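Quick notes on the structure that follows.
Here the structure is a predicted model, which means the values were calculated and not measured.
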Amino acid sequence: MSFCQQLIISYLQQAPGHCCDWLSGLDISLVTGELPVVYQGSKSVRTMDNHQKRNLTFLTIGLIFMLSGVEYAVILPTIWRYLQILEAPPYFLGLGLSAFSLSALVTGPLFGIWSDRSKTTKSIVLFSNVFEIVGNFMYFIGYSKWLLLCSRIVAGVGAGAGSSIFGFLTRSTMPEERAGIFAAIMAGRQAGLLVGPAFNLFLRLCDFKLGPFVVNKYTSPGIFMCLLWVLLQFVVLAMYWDVPPISCEGGATMMEMKQEEVEEEVPLMGSDEEPVHTYRALNSDQLETSTSSDMQPVHRASDPFRNFSASREFLREEVVVVLTAQFITLFNQTALETMVTPLTQRYFNFGELGNSLMYSLCGVEVILGFFFVRWLSRKVADRAVLAVGLVICCTACIWCLIFLCNPRGGYGWELSAFIIGVFLQLLGLPFVAVSQVSLFSKVTAEKTQGFSQGVRRSVGGLATILGPLWAGGLTNNLYIMLGMMLALLLMITVMTALSYDRLTEPRAVQSAQSSDSGG
C-alpha cells in the first residue's frame, strides 16, 4: 500500500463519529484496490459476496466450454475440404484433429501444477486464451497444410487450461453437488456444438478479401473464432473470480465475527469517547494471516506437492479404472467422429450444409443427455451412471459393427441404420463423461486437483490423438476399426464390474486430505 493510501485510511479511521456515519457507504477498495469489508456499526457487509462471485465464475466457465464447442463445430465440417484444397494427403485429417489434442496433452499437467501452487486460475485462463486467439488466426491465414497443422497445435495449448478449471471446480463444490455442476459445464460445450453449425450457415456464404487474406467458407471459421476468443477475454476480466475453496469460507466467516468482537471491546481512540466506526480492506492473503493468528488455521499456504507420490496417487485400482474409462470412451468417440465425415460423403453425399445440420441435431441430443444425467446424479451413485453409460456404448458399437460395416438395402435403410448408430453412441456419452470426471475428483486428493485433472485430461488427449489416427487409416476397413473399439469397451466394462465396490469416495483419501492440510 502506498504512502498516500495509508494517509487516507488513517484519516478515515481517526475521523469523528458523525463523519464516519456520512462515509459509511464509501468503497475503500477504490483506494486500496483490495476486496472491501465495510463495517457499519456491528455489522459487516461485502460489496459482492462469494456466492455471487461463484455463480458468475461458473457462468464464465460455461462460456469458455461453450466456445470450445463452437470452435469444434465450425471447424470440423470444413477442415476435410480445406485440407483437400491445400493438396494435403488423406492422413492429414487425422493429423489435424490430433494436433490440437497433442498440445493440450502436454500443457494440461503444467497448467494444473501452476494452479495448484498459486491457488489461482483467472490469470491462467487469460494466458491460455491468447494461444486460442493466435492459433485460430493462423488457421484463418492457412497458406499451406503445414501452417494449418501448426495452427491446431497452437490453439491446443489454450485447451490445456481445462485442467486448472476442473481443479478449481473440484475445490469450489461439495462432493454431492459436483456431478451436477460438471454436467452443466459439459453441457456448455455441447451447446457450443449445437450453436456452431448455425454459424456455419452464414460462414459458408463468405467470399471476399480482407486485405491480403481471402475470406471464404474454409478460412472464415478461423477469423470468426479469433474474434470470439478476444471477446471472451473481456468477459473473463469482468466476471471471473478466484473465489476461496468451500473449506475456507467457514473460517473466513468466523474471522470476520471475531474481528467485530475485538473492535467492540477495544476502541481505537480510548478515553470516554463513543465507539467509532472503522473501515478497512482485506485481501485473501491478509484473511489467511489473520485467521491463523487468532484461531486454529483453516488453510495453510504450504506446498501442495510436499510428500506427493504419483505412483501412490494414480496406481490405485479405482483410479486406474476411471482413467481407462476416460481413454477408451474418448478414443472411440474421436474415432467415430473422424469416420463420420468421409462416411457421409461416400454413402449419402453430404456436403458442409448436411454435416452442419447433422452435428446440430447431435448437439441437441447430447445436451438433453447431460441434463438428464444432471438430474440422475442426484438420485444415483456415479458408479451406477458409469455402468449404464458403458452398456449403452457397447450396444452402439455392436449396432455399427453389424449394420454399417457392410450396408445393405436402399438409401433409406442405410441412412436409418446410420442415424440409429449415431444416436446410440451419443446417448451413452453423457453418462460416461460426467460420471468418470466426478468419480476421478473424488478418488484423488483435493489439494493437487489441478495436476490430477491435468493427468486425466492428458490421458484423454492421448486418446483423442490415437482415435483419429486409428480411424483415419481404416475408413475403408470398418470391421477392423469397429472390432477394436468393441473389444476396448468390453474390457473396460469388465474392469468396472470387478472394481465396482471401490468406485466411490474412499474414507482413506478424505482423512489423508485432512491430515495433509493440517500439517
Side-chain angles (χ1 to χ4, degrees), residues 94 190 321-348 350 358-359 361-366 368-370 372-373 376 380 382-436 460 463-464 466-500 503:
Q190 300 305 319
V321 171
V322 175
L323 289 178
T324 305
Q326 164 91 351
F327 178 87
I328 292 176
T329 53
L330 284 179
F331 178 88
N332 288 359
Q333 178 191 346
T334 53
L336 288 172
E337 288 172 350
T338 306
M339 175 195 72
V340 161
T341 305
L343 203 63
T344 55
Q345 185 180 19
R346 181 194 311 166
Y347 291 116
F348 312 117
F350 282 5
M358 177 186 65
Y359 283 115
L361 293 175
C362 291
V364 172
E365 180 192 353
V366 175
L368 293 176
F370 273 113
F372 176 75
V373 171
L376 186 65
V380 181
D382 292 333
R383 55 185 179 178
V385 177
L386 176 62
V388 172
L390 290 176
V391 171
I392 296 175
C393 288
C394 287
T395 305
C397 201
I398 292 173
W399 176 275
C400 294
L401 194 62
I402 295 174
F403 294 103
L404 295 185
C405 291
N406 187 21
R408 297 177 182 178
Y411 180 87
W413 167 249
E414 293 178 0
L415 182 60
S416 299
F418 174 79
I419 291 174
I420 293 174
V422 172
F423 173 81
L424 290 174
Q425 180 65 34
L426 295 177
L427 182 63
L429 176 63
F431 289 84
V432 179
V434 173
S435 59
Q436 56 92 6
T464 56
L466 298 178
L469 293 177
W470 173 259
L474 292 171
T475 52
N476 295 321
N477 298 279
L478 295 182
Y479 277 114
I480 299 176
M481 185 184 77
L482 292 172
M484 175 61 74
M485 292 164 55
L486 179 59
L488 292 174
L489 279 172
L490 291 175
M491 183 185 74
I492 185 58
T493 302
V494 172
M495 290 176 62
T496 302
L498 295 176
S499 303
Y500 191 79
L503 294 177

Leu466 CG to Leu330 CG distance, which is reported to the nearest 0.5 Å: 11.5 Å

Spacing of Phe431 atom CZ and Leu386 atom CG [to the nearest 0.5 Å]: 11.5 Å

Heavy-atom pair with the smallest gap, counting every atom of Ala471 and Ala335: CB-O, 3.2 Å

Between OG on residue Ser435 and CG on residue Leu376, distance to nearest 0.5 Å: 10.0 Å

Test item: Met485 and Leu482 side chains (from C-beta on) under 4.5 Å apart, heavy atoms: yes

Check: Ile419 and Leu415 side chains under 4.5 Å, non-hydrogen atoms: yes

Where Leu489 and Cys397 come nearest, the two heavy atoms and their spacing: CD1-CB, 3.9 Å

Pairwise side-chain contact, Cys393 with Val432, heavy-atom cut-off 4.5 Å (strictly under): yes

Smallest separation among heavy atoms of Tyr500 and Arg383, with atom names: O-NH1, 2.9 Å

Pairwise side-chain contact, Leu343 with Phe418, heavy-atom cut-off 4.5 Å (strictly under): yes

Working for side-chain contact (heavy atoms from CB on, under 4.5 Å), residues Leu401 and Leu486: CA-CA 9 Å; Leu401 194 62; Leu486 179 59; 4.0 Å; yes

Over 12 non-hydrogen atoms of neighbours within 6.0 angstrom of CE in Met495: yes

pair Val322-Leu503: side-chain heavy atoms closer than 4.5 Å: yes

Shortest non-hydrogen separation from Pro430 to Val366 and the atoms involved: CG-O, 3.9 Å

Gln436 CD to Ile328 CD1 distance, which is reported to the nearest 0.5 Å: 11.5 Å

Flag, side chain of Trp399 to backbone of Ala417, donor-acceptor distance under 3.5 Å: yes

Non-hydrogen side-chain atoms of Thr329 and Leu429 separated by less than 4.5 Å: no

Closest non-hydrogen atom pair between Val422 and Cys362, with its separation: CG1-SG, 3.8 Å

Worked check of side-chain contact (heavy atoms from CB on, under 4.5 Å) between Met358 and Val340: CA-CA 10 Å; Met358 177 186 65; Val340 161; 3.2 Å; yes

Considering all heavy atoms, the nearest Leu424-Ile392 contact: O-CG2, 3.5 Å

Value rounded to 0.5 Å, distance of OG1 in Thr324 from CZ in Phe331: 14.0 Å

Gln425 CD to Thr395 OG1 distance, which is reported to the nearest 0.5 Å: 10.5 Å

